[in-house]
Amino acid sequence: MRKILSTSLMLFLICSFVSGQIKIVVFQSDFGLKDGAVSAMKGVAMGVSADLKLFDLTHDIPAYNIWEAAYRLEQTVPYWPTGTVFVSVVDPGVGTTRKSVVLKTKTGQYIVTPDNGTLTLIASSQGIAEVRQIDEVLNRRKNSQESYTFHGRDVYAYTAARLAAGVITYEQVGMKLPNEVVQISYQQAVKEGNTLKGTISILDVQYGNIWTNIGGPLFNQLNIKYGDQLHVDIFHGKDKVYSGDMPYSQTFGAVDKGKPLAYLNSLLQLSFALNQDDFAKTYSVASGNDWRVEVHPAP
Amino acid sequence: MRKILSTSLMLFLICSFVSGQIKIVVFQSDFGLKDGAVSAMKGVAMGVSADLKLFDLTHDIPAYNIWEAAYRLEQTVPYWPTGTVFVSVVDPGVGTTRKSVVLKTKTGQYIVTPDNGTLTLIASSQGIAEVRQIDEVLNRRKNSQESYTFHGRDVYAYTAARLAAGVITYEQVGMKLPNEVVQISYQQAVKEGNTLKGTISILDVQYGNIWTNIGGPLFNQLNIKYGDQLHVDIFHGKDKVYSGDMPYSQTFGAVDKGKPLAYLNSLLQLSFALNQDDFAKTYSVASGNDWRVEVHPAP
Amino acid sequence: MRKILSTSLMLFLICSFVSGQIKIVVFQSDFGLKDGAVSAMKGVAMGVSADLKLFDLTHDIPAYNIWEAAYRLEQTVPYWPTGTVFVSVVDPGVGTTRKSVVLKTKTGQYIVTPDNGTLTLIASSQGIAEVRQIDEVLNRRKNSQESYTFHGRDVYAYTAARLAAGVITYEQVGMKLPNEVVQISYQQAVKEGNTLKGTISILDVQYGNIWTNIGGPLFNQLNIKYGDQLHVDIFHGKDKVYSGDMPYSQTFGAVDKGKPLAYLNSLLQLSFALNQDDFAKTYSVASGNDWRVEVHPAP
C-alpha cells in the first residue's frame, strides 16, 4: 500500500512537472473575425502543442490603431495568471525594420508583438523584467519564408505557442535587448489648483461611456464624496464640445435614465456616462490625445 | 502485475474524482467583443483554475436588453451538459439593490447572474431546483472593492469559476432564497376559435426570420399539414404591418427564392421567413411584446 | 523502483493511447455571433465529450455565401494539425436533397458539411482521400427529429464531435461515396502573352485589400522584381473601374501612406492594397467571378 501511495505521489509529481506551465495564449489583433486570419494563427499554435489553451483579447482593434492595442493590453493583462503569453498583432509596419520582441513583465507575463508602441502602457504599469528580440531564423514557422505579410501567423503566434508550451525557453526567443520599448507619447493627467486636467484615453465603445486618464489617486485629491456635483468641460482641440454638472456616483442607477454621472471605471479612472444611454454619441465625443477634459467641484 | 493494475486502477479513480466535475463555464453579456471586458472575465476565471473550459454564448446582447439575455439562455442552455455553469451579465442595475444569484435548474445546470429578469424563461422551462444569493464578502475577487461597476469580472465570473472548478460548493455560494426569480411579464400565445394569437419573441437576426412565441403543441391544434396555406397578420401596436398567405413548410427550399413560408424553428416555435431573403427588413418587422401575430388557415 | 517506473511508463502509455486523437473541432458558419446558434452547436459537442477542444474559423460568412465558405476553408485548413475536424454550415438548402458529407483530405483532415460547393477549393488543393455521406439515422442527436432547420446543431456538430472524440470511426459516418464533391465553377487565372488575367477571389475585408486568384508560380512567370512597376486594370463585367500603375513590393511600408502597391498575400496570391488605407472602398471594388483583373509590366 505504501508503495502504491509513493507511486501515486511520484506520478502526481511527474504530471505536475509536465504540466507545470500554465500553457495559456491570449491573442489580440486588428484582423477582425470575418475571415480566416485569426483561425490560421490558432491552427499554427495547436500544431505546436494541442495542450495549449487559446483565448482572445479582442480582434476588433481599429485597423492600424496601435494606441488602442496598447490600451486593451493595459485593461486586460493584469487579470490573467502569471505565465500567460499574450500575442498582439497590430502591425502597420509589417515587413519594415520595426523589431519583433517578447516583453517579460515584472509580474511574470509575456507579450509577443512588434515593438511599435503597443507596449507603451503595459511596460509602464507592470514594469519591464526583460525584453528579447525574436530570432526570426529560429523562431519562424517552417516554409513560411515566401510570405512577408503575415508575421502574426508565421512568427508571433508560432513563437508564443512554443514559449507557452515550453518548447523553447524565454532565453531561446532571441537576444536580450535593453529594458526599454518604443513609446507612444501621451499626456499625463495633472491637478492645477482645484482643477483636474486630462485626456480621453478611450471610449467604452459598447455603451458610449467616456474614459479619461485621470486615475483614482489623483481624483481623490479633490476630496469629492458620492453625490457631490462635478463640473465637467470636454474639449476637442480648441473647441469646447460639452460643459455641464453631474454627480459623482457609485452606481449608474443613482441618476435618472438618460442623465449624466461621473464615476471611477473598472480600471479606477474617472469616467462619464449617461445612465442607460450613450454619452459619446449624444455629445459627439471621441478619444485621443486631442480630446481634453477639465473637472472641478461644481460651485 | 496485479499490483500494477490495481495501482493503475486506483490512479485512474483518483484522476476521475479530481476531474469529476465537468468544469465548463459559458459566458453571456452585453459587453461586445471590441474591448477587453470579456477577456478580463476569462482571465479571472483562468486565475481560479486553468483546468476550466471557457465558452461564449454571445456578448452581442443589445446594451441593457434583459429580455434578449433571457431568450438567449432559453435558446442555448438545454444543449449543454449537466453541470455547466453559465454567467449572464446584462446588468443595467449594477451597484443597486438587485440581488446577485446562482440559479440551479432542475436539470442540474447553474446560472450566475443579477436577478433582474434574466432568469424569466429558463426558470420556467427548466424548473428551479434552488436559488442562492451570492455572498459578496466571500465570493468576490480580492482587492476589487474599489471598483463598483464591473461585477461581471469581480463577482460573477469569479464565483462561476470557483463553482465550476469545485473550489466552492453550491451551498458556499451564499444563503438559500425562496424558489423564485424576478419575472419579466410577457404574453402567452393562445388559441381563439381557429386563430392563434401570439407575439414576436425575437428576430433570427442573422437572416431576418420572425420567431413567434407560438409553440409546436399549440400550433399542431390547427391540424395544418406541410404545404397547407396559412394566413398571417402582423401588428405593431394597433397598426397592421403585414398581411399575407404562405405555405407551412418543412424546408426553406419548398418555396421560390424570396417567397414567404411558415415553419417550426429550431426551438419548435412558429416562425416566418423569406427563402434566402430577409423578412424582417423587407417588411420592417421587429420584436417585443408590442409586436403581435395572428395566424389561421387560409380560406 | 523498477516496478514503479514500469508502472509509470505503463500509465503514461495508457494515457497517451486514450488521448491519442487530437480532439480538435473547428466551426464555421453564416450564423453570426449575435444569438445562441453557435453556442448550441458547441454545447452539443461538449455533451459528446468534454475533452474536445473547440475553435472557430468564422461565423461571419455572409448569409448563404457558399463561395466565401469555400474560400475561408482554403485559407485556414492547411494551418491546423492533421486529424482536425472542421464543421462548415452555410446551408441555404437545409432540408432539401443536398447530401451531408464528411470529406477526408489527403492531408488527413476532416470537413463535415453539406455538399453544396463548400468543398470546391479545399478538395482541389488538399486532395480527396475519401468522401462519406452522413447516415442521419445513426448520426443525429437524439430526439431532434422534429426540428428540420438546424442540421448544424443536430447533425453536423454532433457528427463532428463524435468523430473527433473517437466515439465513431470515419467508416461509421456512413456509406462511402465516389471521390468527388459538388463544384462551384470558377475561372482559373491565365497568362496571355505578357498579361496575367484572373478574378478577384475575395476581399481582405478588414483592410480593404484586393485578393486575386493569380498564384505565385503564375505571377513569377512575369519575372517581376521588388520595386518594378505593374500596370493593373480592374473590370466589373464590361466596365473598367480601376486602371493604374503600382510597384510590386515586399512590404506595405515600401510606398507612402495611401499609395497603391501589389504584393503576394499570405496565401501567395497576387493582391493589391493602399498602404494604411482601404483599396476596395476607395475604388468601389468587390469580389466574385464577374470581377476581373489584368496585370502586365508597366511600359
Side-chain angles (χ1 to χ4, degrees), chain A residues 3-4 6-15 18 29-56 59-65 91-98 141 143-144 146-154 157-158, chain C residues 3-5 7-8 11-12 15 19 21-24 26-28 33 53 55-62 68 71-84 202-209 211 216 249-254 257 263-268 271 273 275-278:
Chain A
K3 191 172 280 178
I4 294 175
S6 66
T7 311
S8 305
L9 186 63
M10 195 178 164
L11 270 160
F12 180 76
L13 292 174
I14 292 171
C15 292
V18 170
S29 75
D30 62 352
F31 298 167
L33 291 169
K34 291 185 197 301
D35 69 12
V38 170
S39 188
M41 288 200 297
K42 290 184 179 172
V44 165
M46 280 291 104
V48 168
S49 167
D51 289 337
L52 292 172
K53 284 155 268 181
L54 309 184
F55 296 93
D56 300 304
H59 296 285
D60 287 336
I61 299 290
Y64 314 120
N65 191 327
D91 192 13
V94 61
T96 65
T97 55
R98 94 278 179 267
R141 209 171 54 80
N143 305 320
S144 67
E146 281 183 59
S147 169
Y148 292 98
T149 56
F150 199 175
H151 283 197
R153 180 189 69 196
D154 298 331
Y158 181 71
Chain C
K3 192 172 280 178
I4 294 175
L5 282 178
T7 311
S8 305
L11 270 160
F12 180 76
C15 291
S19 64
Q21 292 192 264
I22 196 152
K23 298 192 177 208
I24 294 175
V26 181
F27 293 86
Q28 168 169 279
L33 291 169
K53 283 154 268 180
F55 296 92
D56 299 304
L57 203 170
T58 179
H59 297 283
D60 287 335
I61 300 289
E68 191 158 326
Y71 196 89
R72 296 309 174 200
L73 286 175
E74 172 77 354
Q75 185 185 4
T76 310
V77 168
Y79 299 99
W80 286 85
T82 302
T84 299
I202 211 144
L203 300 182
D204 184 9
V205 281
Q206 184 76 352
Y207 306 98
N209 304 332
W211 286 11
S249 304
Q250 189 172 359
T251 72
F252 280 38
K257 214 166 157 170
Y263 67 106
L264 292 186
N265 71 11
S266 53
L267 303 174
L268 303 182
S271 301
N275 183 22
Q276 298 190 45
D277 205 339
D278 189 312

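Remember, it's a predicted structure, so these values are computed and weren't measured experimentally. Every chain is numbered from 1 and lettered A, B, ... according to where its sequence line falls, protein lines coming before strand lines.
- Of the atoms belonging to C:Val26, it is side-chain heavy atoms, and not backbone ones, that fall under 4.5 Å from chain A.
- Listed by chain and residue number, nothing satisfies the ring-ring contact (aromatic ring centres under 6.0 Å, His included) test with C:Tyr71 (two or more places apart in sequence, or in another chain).
- Within the 4.5 angstrom heavy-atom criterion, only side-chain atoms of C:Ile24, from C-beta onward, approach chain A.
- A donor-acceptor pair under 3.5 Å is absent between the side-chain atoms of C:Gln206 and the main chain of A:Lys34, judged by distance alone.
- In this structure, the ring-ring contact (aromatic ring centres under 6.0 Å, His included) partners of C:Tyr263, at least two apart in sequence or on a different chain, are C:Phe252.
- Contacts between residues 47-56 of chain A and chain C, counted as heavy-atom pairs separated by less than 4.5 Å, involve A:Gly47, A:Ala50, A:Leu54.
- Atom-to-atom distance recorded for C:Gln28:CD and A:Ser39:OG is 8.5 Å, nearest 0.5 angstrom.
- Note: C:Asp60 leads C:Asp60, C:Leu73, C:Asp278 in heavy-atom pairs under 4.5 Å with chain A.
- The candidate from A:Leu33, A:Asp35, A:Val38 with the greatest count of non-hydrogen atom pairs under 4.5 Å with chain C is A:Asp35.
- The side chain to side chain contact (heavy atoms under 4.5 Å, CB included) search around C:Pro78 returns C:Gln126, not counting sequence neighbours.
- The backbone N or O of A:Gly36 sits nowhere less than 3.5 Å from a side-chain atom of C:Thr58 that would complete a donor-acceptor pair.
- Ring pair A:Tyr64/C:Tyr207 is tilted by interplanar angle, where 30° to 60° counts as tilted.
- In this structure, the side chain of A:Arg153 does not engage the main chain of C:Tyr79 through any donor-acceptor pair within 3.5 Å.
- Contact annotation for C:Glu68: only side-chain heavy atoms (C-beta onward) come within less than 4.5 Å of a heavy atom of chain A.
- Here the closest non-hydrogen pair linking A:Gly43 and C:Pro81 is O-CD, 3.9 Å.
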